2 protein chains.
Amino acid sequence: MASVFPLADLKASVKSDSRPDSWVDTIIKGDCVSALEALPTHSVDVIFADPPYNLQLGGTLHRPDQSLVDAVDDEWDQFASFEAYDAFTRAWLLACRRVLKPTGSIWVIGSYHNIFRVGATLQDLNFWILNDIIWRKTNPMPNFKGRRFQNAHETMIWASPNAKAKGYTFNYDAMKAANDDVQMRSDWLFPICNGNERLKGEDGKKVHPTQKPEALLARVIMASTKPGDIVLDPFFGSGTTGAVAKRLGRHFVGIEREQDYIDAASARIAAVEPLGKAELTVMTGKKAEVRVAFNVLVESGLIKPGQVLTDAKRRYSAIVRADGTVASGGEAGSIHRLGAKVQGLDACNGWTFWHFEDGQSLRPIDDLRSVIRSDLAKVE
Amino acid sequence: MASVFPLADLKASVKSDSRPDSWVDTIIKGDCVSALEALPTHSVDVIFADPPYNLQLGGTLHRPDQSLVDAVDDEWDQFASFEAYDAFTRAWLLACRRVLKPTGSIWVIGSYHNIFRVGATLQDLNFWILNDIIWRKTNPMPNFKGRRFQNAHETMIWASPNAKAKGYTFNYDAMKAANDDVQMRSDWLFPICNGNERLKGEDGKKVHPTQKPEALLARVIMASTKPGDIVLDPFFGSGTTGAVAKRLGRHFVGIEREQDYIDAASARIAAVEPLGKAELTVMTGKKAEVRVAFNVLVESGLIKPGQVLTDAKRRYSAIVRADGTVASGGEAGSIHRLGAKVQGLDACNGWTFWHFEDGQSLRPIDDLRSVIRSDLAKVE
DNA sequence: TAGGGAACTGAATCCCGCG
DNA sequence: ACGCGGGATTCAGTTCCCT
């Protein structure tokens with residue numbers, strides 16, 4: 001399992017047909033497009049691709065504590081222009097489609113830096129988009145300079161090889177069963193890959209800068225493959241696709257240029273123990289913590305801008321503003337900060353401190369949060 | 001408010017300059033690109049666009065089952081359709097950028113059918129993507145055939161007009177305060193527009209097929225505009241952008257071709273009551289506060305020349321000089337430069353780094369800046 | 001050993017006014 | 001337009017060190 005296959009040997013093997021499927025459960029060392037071109041036509045069931053994102057980072061970035069953010073500045077993520085990136089994308093997508101069975105499907109993951117170009121290229125090449133899937137990160141890196149929204153998700157595109165392809169695998173019932181018996185949605189919640197799962201070298205540093213979480217791959221593979229299927233990853237990296245495929249009783253093929261990544265992935269996959277048949281029932285992702293911010297109440301109309309809130313004994317009052325903050329006297333801030341400030345305290349739970357008029361009685365705004373939460377219980 | 005402006009009249013008005021800004025708070029009746037071309041250059045602060053996504057692709061998007069069409073023709077047909085859609089997208093985006101102030105920003109909403117093409121075109125035209133924002137729907141339509149994941153989100157792209165544009169508005173502190181004092185993320189949760197909010201004709205049928213929820217527009221406008229700003233919507237439809245802009249104390253401009261939509265939007269907007277100034281005050285952070293230089297503290301006697309400052313752990317110390325600089329060892333400079341230098345860092349916020357003795361405890365000199373600021377507030 | 005606190009980290013397109 | 005310099009800016013963890 002997970003032997004390395006030099007590209008030259010692969011070519012000879014496939015050509016001579018002496019060792020059919022000798023490339024299955026191996027990592028092919030070589031350039032992505034060249035390796036794909038050496039594989040047989042219509043030979044894999046699903047492709048998962050995590051191509052370079054073309055991040056186009058400027059200078060360095062420091063956290064507020066002045067520590068340096070370890071950016072993805074690897075050589076393999078450098079492209080001269082969008083045109084160059086598009087040409088690269090076209091080439092590997094076309095090579096992928098030849099290798100993909102007509103009944104197969106392809107997943108590509110990216111961020112706003114590249115995913116729009118990937119999606120448009122998929123459409124230009126007559127791939128048929130089935131879904132775009134949002135990976136919501138439970139613990140994304142913050143925006144340190146406060147100039148944008150926290151970039152808290154990545155996007156996956158799931159597509160069949162052409163507009164008429166109908167035979168792709170989608171384990172609808174398994175997905176539904178895993179999701180408390182309601183349809184699996186297009187937004188998925190998972191933590192980023194860290195802790196024990198994150199591969200580290202002897203120096204203690206991460207082996208690969210963009211290792212994906214196994215839970216994400218597990219859902220992809222459980223949703224769109226059958227046991228025994230072959231999953232190809234043309235940008236194998238640290239081998240998450242291979243490790244999860246093996247664990248879930250699927251075959252894999254990896255393509256990777258860099259020996260360091262191949263070594264790490266081989267060892268990783270060798271250590272994987274496949275699950276038994278009984279255990280191959282679908283596993284669920286992490287359930288969301290139901291977090292409701294105060295401005296959701298304002299945006300949803302349960303609380304109106306201009307409305308007056310008071311504490312339970314009407315000693316303090318505040319006016320609600322349209323941006324979801326509250327103001328009292330000259331002071332303003334979140335419900336928590338202002339609650340603390342008017343009382344002269346360091347901290348305050350605004351949800352239980354502030355009340356609203358409901359007929360003749362006062363009720364804590366936390367009651368309204370409960371209303372929202374029960375609406376959201378189905379979603380999160 | 002919300003009067004209708006025929007395109008011919010608009011052209012005459014803008015040209016003659018007889019009624020400056022006569023187009024503000026109106027709905028311009030006409031084709032999107034023609035109307036945009038009639039508006040003055042650099043005249044609006046933010047654009048929110050909800051373009052059609054099936055305009056040129058209706059056949060292929062709505063009839064995926066047609067399997068009798070010749071494959072080659074089918075491929076060509078789709079390529080041609082995407083090209084037409086791309087040309088349309090280029091045209092209105094270019095027209096939008098001319099109208100947009102260099103300090104403005106643009107939002108475009110779409111689904112996987114069109115958003116990849118919109119995103120790639122934005123990048124091709126040198127717009128600079130700030131975030132992609134996911135609108136997660138609490139109540140999306142189910143997938144009826146069980147062949148895909150439930151399509152439970154739409155995607156918005158937020159971009160500045162070019163890569164170097166820096167002056168766009170982002171009310172970071174308001175968003176954070178409204179979100180229980182943590183950064184607002186790129187995934188937003190809102191219900192789809194229905195119930196009372198959904199505009200319905202006399203026949204009880206919905207006026208517009210894709211009416212967006214006001215809560216979504218409210219967050220867009222609160223995040224990226226200031227009170228009094230002009231928000232342009234080139235695909236005005238049922239006028240959600242106009243209604244929310246008016247309610248939030250912003251101006252709007254709508255462009256719409258169909259009289260039925262214009263009528264519905266006009267009536268809708270006329271019924272909107274704008275919020276008062278207090279409710280519209282936006283939470284701001286330190287960046288918006290009056291600048292106080294360190295030597296003001298020295299001049300006012302709160303800090304005395306010769307006084308010793310240290311960091312919080314008394315690892316470094318510096319002596320205050322009469323000119324408002326500080327010195328340590330052979331080095332001297334501003335509180336920031338010296339703070340950076342003694343720590344061997346590139347940058348340092350001297351206000352929070354340096355502390356002074358206050359009885360037995362150490363307090364940051366930023367506390368003294370607050371004293372100055374509150375004194376100044378009384379004078380203003 | 002258990003617990004508390006400091007340090008470290010993650011696919012990042014991350015400042016702005018003034019001269 | 002460009003350079004300078006003041007000074008603003010982080011969330012959810014995991015790991016390591018010290019008591």
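Values in this document were obtained by computation on a predicted structure and should not be read as measured data. Chain identifiers are assigned alphabetically (A, B, ...) following the order of the sequence lines, protein sequences preceding nucleic acid strands; residue numbering begins at 1 within each chain.
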Side chains of A/Asp132 and B/His153: is there a donor and an acceptor less than 3.5 Å apart? yes
So what does A/Arg198 touch, heavy atoms closer than 4.0 Å: a base, only the sugar-phosphate, or nothing? sugar-phosphate
Would one find a side-chain N or O of A/Asn194 under 4.0 angstrom from OP1 or OP2 of D/dG13? no
Looking across every strand, which nucleic acid part, if any, lies under 4.0 Å from A/Val69 by heavy atom: base, sugar-phosphate, or nothing? base
Considering just the side-chain nitrogens and oxygens of B/His336, establish if one lies under 4.0 Å of OP1 or OP2 belonging to D/dG6. no
Could you give the CD1-to-P distance, from B/Ile365 to D/dA8, as a whole number of Å? 11 Å
If we take the C1' atom in both C/dC14 and D/dG7, what is their distance in whole Å? 15 Å
What contact category does A/Gln66 fall into here, base, sugar-phosphate, or nothing, at under 4.0 angstrom with non-hydrogen atoms? base
Specify the residue among A/Lys206 and B/Lys313 whose closest nucleotide of DNA chain C lies further upstream toward the 5′ end. B/Lys313
Rounded to whole Å, the CG-C1' distance (A/Asn139 to D/dT15) equals 15 Å
When the aromatic ring centroids of A/Phe235 and A/Trp92 are compared, is their separation below 6.0 Å? yes
NA contact type, A/Thr210, heavy-atom cut-off 4.0 Å: base, sugar-phosphate, or nothing? base
Side chain of A/Asn196: nearest nucleotide among C/dG10, D/dG6, D/dT15? D/dT15
So A/Trp135, base contact, sugar-phosphate only, or nothing? Heavy-atom distance under 4.0 Å. nothing
By the 4.0 Å heavy-atom rule, please label A/Asp70 as base, sugar-phosphate, or nothing. sugar-phosphate
Remember a base hit wins even if backbone is also touched, and classify A/Asp50 as base, sugar-phosphate or nothing at under 4.0 Å, heavy atoms. base
Is the closest side-chain donor-acceptor distance between B/Ser105 and B/Trp158 under 3.5 Å? yes
Stepwise salt bridge (Lys or Arg N to Asp or Glu O under 4.0 Å) test for B/Arg337 and B/Asp346: CA-CA 8 Å; B/Arg337 293 288 162 215; B/Asp346 286 339; over 6 Å; no
Measuring from atom NE2 of B/His336 to atom SG of B/Cys348, what distance do you get when rounded to the nearest 0.5 angstrom? 8.0 Å
So A/Trp188 and A/Phe190, would you call those rings parallel, tilted or perpendicular, with 30° and 60° as cut-offs? perpendicular
Check whether the side chain of A/Arg63 and the base of C/dG10 form a donor-acceptor pair under 3.5 Å. yes
Would you mind classifying the nucleic acid contact of B/Lys176 as base, sugar-phosphate or nothing, using non-hydrogen atoms under 4.0 angstrom? sugar-phosphate
Carboxylate-amine/guanidinium contact B/Asp45 B/Lys226, below 4.0 Å: no
Using ring centroids (six-membered ring only for Trp), state whether A/His62 and A/Phe144 fall under 6.0 Å. no
Please report, rounded to the nearest Å, how far the C1' atom of C/dA11 is from the CG atom of B/Asp132. 13 Å
Measuring from the side chain of B/Lys286 (C-beta onward, heavy atoms only), which nucleotide among C/dA11, D/dT10, D/dA8 has the closest atom? D/dA8
Using a heavy-atom cut-off of under 4.0 Å over every strand shown, decide if A/Pro51 touches base, sugar-phosphate, or nothing. base
C/dA12 C1' sits how many Å from B/Arg185 CZ, rounded? 15 Å
Distance from A/Asn54 atom CG to A/Phe79 atom CZ, nearest 0.5 Å? 6.0 Å
Work out how far the P atom of D/dG6 is from that of C/dA11, and round it to whole angstrom. 35 Å
Within this structure, what is the CG-to-P distance between B/Asn171 and D/dA8, rounded to whole angstrom? 18 Å
Quick one, give me the B/S/- string for nucleotides 13-19 of chain C, reading 5' to 3', where B means a protein heavy atom under 4.0 Å from the base and S means that only happens at the primed atoms, P, OP1 or OP2. BBSS---
Measure from CD on A/Gln211 to C1' on C/dT9 and round the result to the nearest Å. 14 Å
Expressed in angstrom and rounded to an integer, what is the separation of B/Asn349 atom CG from D/dT10 atom C1'? 15 Å
Runs of at least three Watson-Crick or G-U pairs with DNA chain D, cut-off 3.5 Å: C:2-10 with D:11-19, C:15-19 with D:2-6
Strictly distance-based, threshold 3.5 Å: is any side-chain N or O of B/Asn179 a donor or acceptor partner for the main-chain N or O of B/Asp181? no
From the candidates C/dA11, C/dA12, D/dG7, the one with an atom nearest any side-chain atom of A/Ala71 is C/dA12
Quick one: does A/Asn114's side chain have a donor or acceptor within less than 3.5 Å of a partner on A/Ser111's backbone? yes
Value in whole Å for how far the P atom of D/dT10 lies from CG of B/Asn179: 13 Å
Would the B/Tyr172 and A/Phe149 ring centres measure less than 6.0 Å apart? no
Any side-chain N or O of A/Thr138 under 4.0 Å from OP1/OP2 of D/dA12? no
Please compare A/Pro140 and A/Lys200 by the position of their nearest nucleotide in DNA chain D and report the one closer to 5'. A/Pro140
Go through D/dC11, C/dA11, D/dG5 for me and flag the one nearest to the A/Lys212 side chain. C/dA11
Under 4.0 Å, heavy atoms only, any strand: does B/Thr352 hit a base, just the sugar-phosphate, or nothing? nothing
For B/Arg369, which contact category applies under a 4.0 Å heavy-atom criterion: base, sugar-phosphate, or nothing? sugar-phosphate
When the C1' atoms of D/dT10 and C/dA7 are compared, how many Å lie between them, rounded to an integer? 15 Å
Taking the C1' atom of each, how far is C/dT13 from D/dG5, in whole Å? 25 Å
With syn defined as a glycosidic angle within 90° of 0 and anti as everything else, classify D/dT10. anti
